[in-house]
> 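Below is one structure. I have some questions about it.
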Amino acid sequence: MENVFESTHPLVRHKLTRLRDKHTESKKFRELVRELGALLTYEATADLATEQVTVETPLTTTTGEDLQEKIGLVPILRSGLGMVEGVWELMPSAEVWHIGLYRDERTLKPVAYYNRLPVAPTVSVCLILDPMLATGGSAVATVDILKNWGVAKIKFVGLIASPEGIARLHDAHPDVAIHIAAIDDHLNENGYIVPGLGDAGDRQFGT
Ligand code: URA
């Protein structure tokens with residue numbers, strides 16, 4: 001599917017397997033979420049624009065490149081939080097804008113309970129961070145919010161997706177690139193991705 005990128009990197013595959021393992025305890029789980037967040041972001045940012053600059057080495061002056069784009073990291077609360085640190089290590093000047101959503105029991109639609117975005121956009125590229133792309137409802141709602149904010153370039157970075165979640169996000173926003181470590185088999189009747197890794201929030205936060 002166009003604009004959907006499932007990582008084939010051996011490090012990603014190895015770390016993802018450790019993450020799935022039910023015997024992996026919280027501390028190690030958080031470490032893996034952080035590392036996978038960074039590895040997938042490395043792949044997701046391969047097309048960021050740069051501008052030519054001059055730089056003085058100890059020997060001479062030469063040309064190099066600086067990132068041209070202003071990047072926003074958008075973790076979806078709460079499980080997206082664990083991916084921020086690893087990504088921030090790669091891009092320390094990125095802004096972090098949290099989005100919190102819950103599902104209205106009557107309409108079944110996602111409703112934002114936390115959104116402190118200012119009126120005008122302060123970034124040109126947003127990376128949405130959420131380990132699990134399950135139904136796709138939160139991801140679609142977050143992209144809607146960011147597009148309304150005025151951000152044109154948006155990417156989704158996650159760890160495991162269901163085919164249903166990929167289809168929903170891709171159908172609603174085909175321009176949004178989806179970078180994922182694995183696309184699993186299906187969503188079960190409780191909304192869990194199978195084989196998946198269980199509840200990414202509970203496993204990170206020990207709840
Ligand atoms: N959220 C999770 O944490 N796990 C799933 O499998 C689906 C949604």
Side-chain angles (χ1 to χ4, degrees), residues 1 4-7 12-41 44 73-87 96 98-105 107-115 127-146 154-173 176 178-207:
M1 197 184 283
V4 178
F5 305 94
E6 185 177 6
S7 181
V12 171
R13 309 235 63 79
H14 171 81
K15 288 178 190 293
L16 182 67
T17 307
R18 301 279 48 86
L19 194 73
R20 289 186 190 277
D21 189 338
K22 69 175 185 183
H23 300 295
T24 299
E25 86 291 2
S26 262
K27 183 170 185 286
K28 184 68 188 172
F29 191 91
R30 287 195 294 275
E31 194 179 300
L32 290 164
V33 169
R34 194 175 67 237
E35 291 170 349
L36 282 163
L39 289 169
L40 288 159
T41 297
L73 310 181
V74 184
I76 301 183
L77 300 176
R78 69 183 164 145
S79 22
L81 286 177
M83 294 173 70
V84 173
E85 281 302 323
V87 179
V96 179
H98 303 87
I99 298 287
L101 300 160
Y102 71 90
R103 203 215 278 233
D104 183 292
E105 281 176 13
T107 63
L108 301 180
K109 295 220 168 83
V111 179
Y113 68 84
Y114 190 88
N115 172 359
L127 303 181
I128 298 174
L129 307 177
D130 191 358
M132 308 303 274
L133 179 57
T135 63
S138 302
V140 169
T142 304
V143 176
D144 289 340
I145 290 170
L146 296 175
I154 301 168
K155 293 163 183 271
F156 180 93
V157 182
L159 305 186
I160 301 183
S162 69
E164 295 89 336
I166 295 270
R168 180 139 173 219
L169 178 54
H170 185 73
D171 287 352
H173 296 291
V176 171
I178 302 174
H179 291 267
I180 205 87
I183 302 172
D184 274 9
D185 193 57
H186 66 280
L187 263 189
N188 72 12
E189 60 286 2
N190 299 318
Y192 280 92
I193 300 174
V194 183
L197 50 70
D199 189 303
D202 285 349
R203 292 194 65 189
Q204 285 182 78
F205 300 113
T207 49

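Every heavy atom of this structure was used, including side-chain atoms; hydrogens, water molecules and symmetry mates were not. Every number for a ligand or one of its atoms is a count from 1 in the order of the listing.
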> Do any heavy atoms of Gly198 fall under 4.0 Å from ligand 1?
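Yes, that is the case, since the closest heavy atom of the residue is under 4.0 Å from the ligand.
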
> I want to know if ligand 1 touches Gly191 in the polar sense, i.e. an N/O pair below 3.5 angstrom.
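By distance alone, the answer is no.
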
> Between Arg34 (side chain) and Phe29 (backbone), is there a donor-acceptor pair under 3.5 Å?
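Not confirmed, Arg34 side chain does not pair with Phe29 backbone.
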
> Regarding atom 6 (O) of ligand 1: of the candidates Ile193, Ile160, Leu187, which has the closest heavy atom?
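The option holding the nearest heavy atom is Ile193.
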
> Please identify which atoms of ligand 1 are closer than 4.0 Å to at least one heavy atom of Ala200.
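Listed by number with element, the hits are 2 (C), 3 (O).
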
> Evaluate the criterion salt bridge (charged side-chain N to carboxylate O under 4.0 Å, His left out) for residue pair Asp21 and Lys28; output intermediate values, then yes/no.
CA-CA 11 Å; Asp21 189 338; Lys28 184 68 188 172; over 6 Å; no

> Could you tell me how the ring of His179 sits relative to the ring of Phe5: parallel (under 30°), tilted (30 to 60°) or perpendicular (over 60°)?
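His179 vs Phe5 ring planes: parallel.
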
> List the closest protein heavy-atom neighbour of atom 8 (C) of ligand 1: residue, atom name, distance to the nearest 0.1 Å.
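So the nearest neighbour among protein heavy atoms is Ala134 CB, 3.7 Å.
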
> Given Leu32, which partner from the list His14, Arg203, Arg18 fulfils the side chain to side chain contact (heavy atoms under 4.5 Å, CB included) test?
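For Leu32, the side chain to side chain contact (heavy atoms under 4.5 Å, CB included) check succeeds only for Arg18.
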
> Report yes or no: does Gly196 have a heavy atom closer than 4.0 Å to ligand 1?
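No, that is not the case, since the closest heavy atom of the residue is not under 4.0 Å from the ligand.
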
> Scan side-chain atoms only and decide if Asp202 and Thr207 contain a donor-acceptor pair under the 3.5 Å cut-off.
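Yes.
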
